[in-house]
Amino acid sequence: MYLPSKKKYIYIALIILAIAVFFLPFKGAIQNLLIGLSRGLTLAPAKTSTVIEALKKENISLALKVKEQQHLVKENRRLKEAFDFQEKMELSLKGAEVIAFLPSSWRRVIILNIGKDKNIEKGQLAIDESGNLLGKILEVKEDSSSLILANDPDFNLSVFIEDKGFGLLKGNIWGAKILYVEDGGSINKGDRIWAKTPESATTIEIGQVSRIKKNSNSLFWDVDVRLNARNNIFSELFIIK
Amino acid sequence: MRSNIKIFFMLFVLLLLDTVKPFGYTLSVDFLLLGVIFISLNKKLNISLIFSLIFGYIRSTLIIDTNLLTIIRYSIISLICHYLLTYLNTVGKKRYTTLVKNFIAMTAIIIHIGMNLIQAKVFLPSLALISLLQSSFVYIFVSSLLEKCNYLFLSSKAAR
């Protein structure tokens with residue numbers, strides 16, 4: 001039986017090592033050579049490359065224009081929805097833009113670009129384009145105002161649960177809950193929660209009951225709320241005047 | 001001096017990020033806190049204390065219900081970071097030092113979350129966990145980036 005000598009493998013390994021060591025300093029040169037060759041093979045003539053470059057630039061500018069148009073379409077749709085809601089509910093709305101947030105992840109307060117100059121008052125409610133409650137005005141300055149969102153721990157508003165009961169809505173960052181609900185026996189999961197606007201008799205939808213439990217140590221029921229306005233990124237909203 | 005200007009600029013940008021919130025409330029991270037932790041772990045105690053006090057004060061001016069804790073919160077966190085850094089031995093391999101610093105940063109983030117939960121009078125374990133994870137990831141990413149760029153001349157001025 002023929003058995004190959006171990007020396008043979010040692011020689012082969014040494015040769016490979018020698019080749020590798022010899023060619024190692026030329027690695028960059030070989031790489032450049034290969035890249036140059038491939039570029040020479042694939043590159044189009046100078047005139048064609050100029051045309052391609054111009055087309056690429058045009059393509060980028062068109063893509064940017066399309067994005068801008070898409071943003072405008074979205075904004076237009078939001079404004080149209082808000083206008084429809086205003087017409088339907090016969091409300092007087094004032095559009096506002098978000099300019100800043102409170103620098104804390106544990107508070108839900110935003111700064112708006114309108115204030116006393118647009119007759120904004122403390123306690124006015126803010127809604128999104130679908131008519132869902134977002135929060136209420138906390139503080140008004142000359143040309144800006146602070147809006148406390150419904151899920152802020154300091155937010156409170158008296159609300160109704162269908163026509164079955166009422167209580168005080170309080171935020172808890174994750175969502176909200178209704179405090180001081182006395183007669184919760186008839187309240188079910190999914191019941192609609194709404195509030196009356198201070199200025200008119202119209203109602204605003206807030207959310208739905210997500211959980212209800214009777215606390216044995218308390219007179220009141222624990223009602224958890226799933227808010228309708230669940231968007232975490234705001235750009236514009238509407239204040240009910 | 002140049003290093004201090006850079007620290008000021010960095011913390012100012014982080015404060016702006018906190019007020020602009022480019023990701024809205026989807027990202028539950030206090031960027032300024034991460035900056036304060038970073039300078040506490042990489043700069044001298046007096047420098048980090050001065051900056052944490054200045055930026056704690058600037059931040060508190062933007063918050064509605066300001067109290068003493070809001071102003072000195074970052075200074076307390078800075079002190080805790082320095083205490084832990086002197087308590088834990090960071091002399092040794094670079095990898096070990098980075099590990100210890102990241103551990104201290106996570107501890108500081110947990111303390112900050114605890115303070116916020118007590119102040120907000122809510123108990124939200126899921127939100128606390130999300131905040132801890134997001135803050136830790138952002139801290140590790142930003143600190144490794146700053147160390148790699150040697151943005152604050154970290155090699156020339158050690159924390160201790």
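First the proteins, then the strands, lettered A, B, ... as listed; each starts at 1. Please read all numbers here as calculations on a predicted model, not as lab measurements. Because only heavy atoms are used, hydrogens play no part in the values below, and waters and symmetry mates are left out as well, while side chains stay in.
- Within 6.0 Å of atom CD in A/E162, more than 12 heavy atoms from other residues, nucleotides or ligands are found, so the atom counts as buried in its surroundings.
- Heavy atoms closer than 4.5 Å to chain A are found nowhere in B/F123, neither backbone nor side chain.
- Taking each heavy atom of A/N172 and B/L124 in turn, the nearest pair found is O-CD1, 3.2 Å.
- Proximity to chain B is limited to the side chain of A/L149, based on heavy atoms less than 4.5 angstrom apart.
- Atom OH of B/Y57 has 12 or fewer neighbouring heavy atoms from other residues, nucleotides or ligands inside a 6.0 Å radius.
- Within a 6.0 Å radius of CE in B/M106, no more than 12 heavy atoms belonging to other residues, nucleotides or ligands are found.
- Considering all non-hydrogen atoms of both residues, B/S131 and A/W106 come closest at OG-CZ2, 3.6 Å.
- In this structure, A/F166 places its CZ atom where only 12 or fewer heavy-atom neighbours from other residues, nucleotides or ligands lie under 6.0 Å away.
- In A/R226, the CZ atom is not crowded: 12 or fewer heavy atoms of neighbouring residues, nucleotides or ligands sit closer than 6.0 Å.
- For B/I130, the part sitting under 4.5 Å from any heavy atom of chain A is the side chain, from C-beta outward, and nothing else.
- Heavy atoms of A/L138 lying under 4.5 Å from chain B belong exclusively to its side chain.
- If you measure heavy-atom distances from A/D152 to chain B, you find no contacts under 4.5 Å at all.
- A distance of 10.5 Å separates OG1 in B/T19 from CD1 in A/I99, rounded to the nearest 0.5 Å.
- A 6.0 Å sphere centred on NZ of A/K214 holds more than 12 heavy atoms belonging to other residues, nucleotides or ligands.
- Two residues are said to be in side-chain contact when any heavy atoms from C-beta on lie closer than 4.5 Å; B/R59 and A/S104 meet this criterion.
- Surrounding NZ of A/K164 are more than 12 heavy atoms belonging to other residues, nucleotides or ligands, all under 6.0 Å away.
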